[in-house]
Amino acid sequence: MLVSAASALYVSLVASYGTRIGLEPKAKALHVTQKTPKLFKGFNGLKAAASVSCESDTSFLGNGRNATVWESFKPKLGRPNLRTKSQLKPQASSFKVAVLGAAGGVGQPLALLIKMSPLVSAVHLYDIANVKGIAADLNHCNTPARVLDFTGESELASSLEGVDVVVIPAGIPQKPGMTCDDLFNVNANIVKSLMEAVADNAPDAFIHIISNPVNSTVPVAAEVLKQKGVYDPKKLFGVTTLDVVRASTFVAQKKHLKLIDVSVPVIGGHDGITILPLLSKTRPSVTFTDGEVEELTVRLQNAGTELVEGKAGAGSATLSMAYAAARFVESSLRALDGDGDVYECSFVQSDLTELPFFASRVKLSRKGVEAVIPSDLQGLTDYEAKALEALKPELKASIEKGVSFVHKQTAAAASG
C-alpha cells in the first residue's frame with residue numbers, strides 16, 4: 001500500500017522502437033530492466049523487488065502480481081505489435097477476503113484498498129446495514145476484484161463462504177473520554193458473535209482482529225474458536241500494524257530520515273502503556289537521547305487519543321487504521337501465495353514471555369505464523385526492559401478479561 005508505488009514511481013516501458021510511456025513526466029525514470037534495491041526497503045512486511053517488470057513481486061500494497069496493471073497501458077500505446085522487454089504473464093493465484101463491519105469508518109477505506117490488490121479476486125463486504133451501495137460504488141473501480149455485499153445476520157454465513165482471509169473491524173469507535181474498558185463492553189459481544197460464524201463457516205481462514213480493545217478481543221476470538229474445536233493459534237492475528245506505521249512515521253519525522261527506509265518494531269499490546277516501540281532496534285540505526293525516547297514512546301502510546309481529540313469526537317483512527325490493516329492483509333496474501341520472506345508485527349499466541357498473547361515480529365507462511373522472532377527481545381536498553389516489565393500486568397489483565405468474558409457468557413447461556 002505504498003504511495004511511492006502508485007504515484008511517485010515512474011514506470012517507463014521501453015518499447016521495441018524505443019518509445020517511453022510514463023505515468024509521471026517529472027519523476028525519475030525507472031526502466032523495467034533496472035535494479036531497484038532500495039525502493040521498498042524499510043517496511044516490515046514489504047519485500048524489496050529485484051527489478052520492475054510485469055512479473056515483479058511489487059504492488060502498490062507490497063508484493064503482488066502486476067500483470068493486470070501493466071495490461072491496462074496497452075490500449076494507450078497505439079501500436080498493436082508493441083512489445084516490452086518483459087513478457088506479460090498473468091498469475092493464477094488469487095484470494096477472497098471478507099470484511100466484517102465493512103460499512104464503518106475503517107471498513108470502507110479498507111475495502112477499497114483490498115480491492116486494489118492484484119492478489120485479490122473477490123471482496124465480501126458484510127455489515128448489519130448500508131453495504132449494498134458501498135459494494136456498488138467499489139465495483140465501479142476498474143480493478144479486477146469483484147465486490148459482493150451481504151447484509152444482516154441471515155447473510156453472515158454466506159459472506160464467509162470460501163474466503164481465505166477474514167478481517168474484523170466491526171464495533172464502535174473510541175470516543176472522547178472513552179476507555180478501552182468502555183469499548184470492551186460493546187465490542188466483545190460483537191466480536192464473539194462474528195467469531196461464532198467464522199468458526200462455523202471459515203475455520204481455516206486467516207483471521208485479522210481490528211476491533212478494539214485488541215488486547216482483549218483477540219482472546220475473545222481464541223476462546224470462541226476453542227469452544228468450537230477449530231482453534232489454530234497460527235491463524236489468529238491481532239492487527240497492531242498501525243503502531244508500527246506510526247512509530248516509523250514519528251521517528252522519520254523526528255530524525256529527518258527518508259520514511260521509506262525507516263522500520264521500528266513495536267511489541268507488547270495495542271493500547272496505552274502496553275505499546276512499546278523498540279527504538280534501539282530502529283532501522284537504519286539511529287541514536288536517540290533519553291528525552292527523545294520518552295517523547296516518542298509516549299506519543300505512540302497516546303496516538304489514538306491524539307486523533308480522537310483532533311477529530312473533536314467525530315471519529316478515531318480510520319484512514320490510518322485502514323492503511324495499516326490493508327498492509328497486513330497484503331502481507332498475509334503474499335504468505336498464502338508462497339512468499340517465504342514475509343514479516344510483520346502482530347498480537348498473537350506467543351511463548352516469548354509468560355503472557356499467553358504478545359505482539360512481536362512474526363514470520364508468516366501459508367500456514368499462518370511460522371515463527372515468532374525472539375531476537376527483538378534480546379539486548380534491550382534499560383528503558384525498554386523496564387517498560388516491558390511495566391506493561392505486563394496491564395496486558396495480562398486485558399487478556400484475562402477477554403477469556404473471562406467468553407466463559408461467563410457460556411455459563412450464562414448454559415444456565416439460562
Side-chain angles (χ1 to χ4, degrees), residues 98-102 104 124 126-129 150-163 165-174 178-239 269-271 274 346-351 354-359 368-369 392-416:
V99 180
L100 309 185
H124 293 187
Y126 170 82
D127 215 316
I128 57 175
F150 303 85
T151 303
E153 187 175 350
S154 63
E155 297 186 0
L156 177 55
S158 297
S159 74
L160 295 165
E161 183 177 346
V163 300
V165 177
V166 178
V167 191
I168 304 181
I172 63 170
Q174 187 177 11
M178 180 180 287
T179 66
C180 276
D181 284 340
D182 297 327
L183 279 176
F184 176 81
N185 293 328
V186 176
N187 289 350
N189 272 304
I190 294 173
V191 170
K192 179 178 179 294
S193 176
L194 293 175
M195 283 306 305
E196 289 171 347
V198 173
D200 291 337
N201 299 282
D204 296 324
F206 281 22
I207 302 165
H208 297 183
I209 304 295
I210 297 174
S211 308
N212 279 316
V214 166
N215 293 354
S216 298
T217 54
V218 170
V220 166
E223 291 304 306
V224 171
L225 293 170
K226 288 176 184 178
Q227 290 183 356
K228 292 280 189 175
V230 293
Y231 179 49
D232 184 348
K234 295 182 179 180
K235 293 185 177 180
L236 177 62
F237 306 90
V239 180
H270 188 54
D271 177 53
T274 69
S346 183
F347 187 66
V348 298
Q349 181 172 310
S350 172
D351 58 4
E354 64 273 22
L355 300 173
F357 293 92
F358 194 78
V369 177
K392 288 180 180 179
E394 182 166 328
L395 183 53
K396 182 175 183 290
S398 296
I399 293 170
E400 290 176 347
K401 186 172 186 176
V403 173
S404 176
F405 171 83
V406 177
H407 291 175
K408 289 179 180 178
Q409 292 277 315
T410 303
S415 63

Not counting sequence neighbours, which residues clear side chain to side chain contact (heavy atoms under 4.5 Å, CB included) with [X]? List them please.
X	result
Val186	Ile172, Ile190
Gln409	Asn189, Lys192, Phe405
Glu223	Lys226, Val403, Val406, His407
Pro233	Tyr231, Gln349

Determine yes or no for a side-chain-to-main-chain donor-acceptor pair under 3.5 angstrom, with Ser216 supplying the side chain and Ser398 the backbone.
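A pair under 3.5 Å: yes.
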
Main chain of Ser211, side chain of Thr217: is a donor-acceptor contact present, judged purely on distance under 3.5 Å?
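Confirmed, Thr217 side chain pairs with Ser211 backbone.
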
Distance, nearest 0.5 Å, that separates [atom1] of [X] from [atom2] of [Y]:
X	Y	atom1	atom2	answer
Phe347	Leu355	CZ	CG	8.0 Å
Ile207	Met195	CD1	CE	4.0 Å
Ile210	Asn187	CD1	CG	12.0 Å

Mind checking what makes salt bridge (Lys or Arg N to Asp or Glu O under 4.0 Å) contact with [X], not counting sequence neighbours?
X	result
Glu153	none
Asp204	none
Lys235	none

With a 3.5 Å cut-off and sequence neighbours excluded, list the donor-acceptor pairs that the side chains of residues 155-162 form with protein atoms.
from: Glu155; atom 1: OE1; to: Thr151; atom 2: N; distance (Å): 2.7
from: Ser159; atom 1: OG; to: Leu156; atom 2: O; distance (Å): 2.6

List in chain and number order the residues that pass side-chain hydrogen bond (donor to acceptor under 3.5 Å, both in side chains) with [X], two or more places apart in sequence or in another chain; answer none if no residue qualifies.
X	answer
Thr410	Gln227
Glu400	Lys396
Thr274	Asn215

Do you know the tightest heavy-atom contact between [X] and [Y]?
X	Y	value
Gly238	Ser346	O-OG, 2.9 Å
Ala359	Gly269	CB-N, 4.3 Å
Val214	Pro219	O-CD, 4.0 Å
Leu236	Ala221	CD1-CB, 4.0 Å
Pro203	Asn201	CD-C, 3.5 Å

A quick test of your reading: do over 12 heavy atoms of other residues, nucleotides or ligands sit less than 6.0 Å from NZ of Lys234?
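Incorrect, the count does not exceed 12.
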
For a 4.5 angstrom cut-off between non-hydrogen side-chain atoms, does Val198 reach Leu100?
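In short, these two side chains touch, coming nearer than 4.5 Å.
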
Any pair counted as ring-ring contact (aromatic ring centres under 6.0 Å, His included), so long as it reaches residues 191-223, sequence neighbours left out
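Residue pairs passing ring-ring contact (aromatic ring centres under 6.0 Å, His included), neighbours aside: Phe206-Phe237, His208-Phe237, His208-Phe328.
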
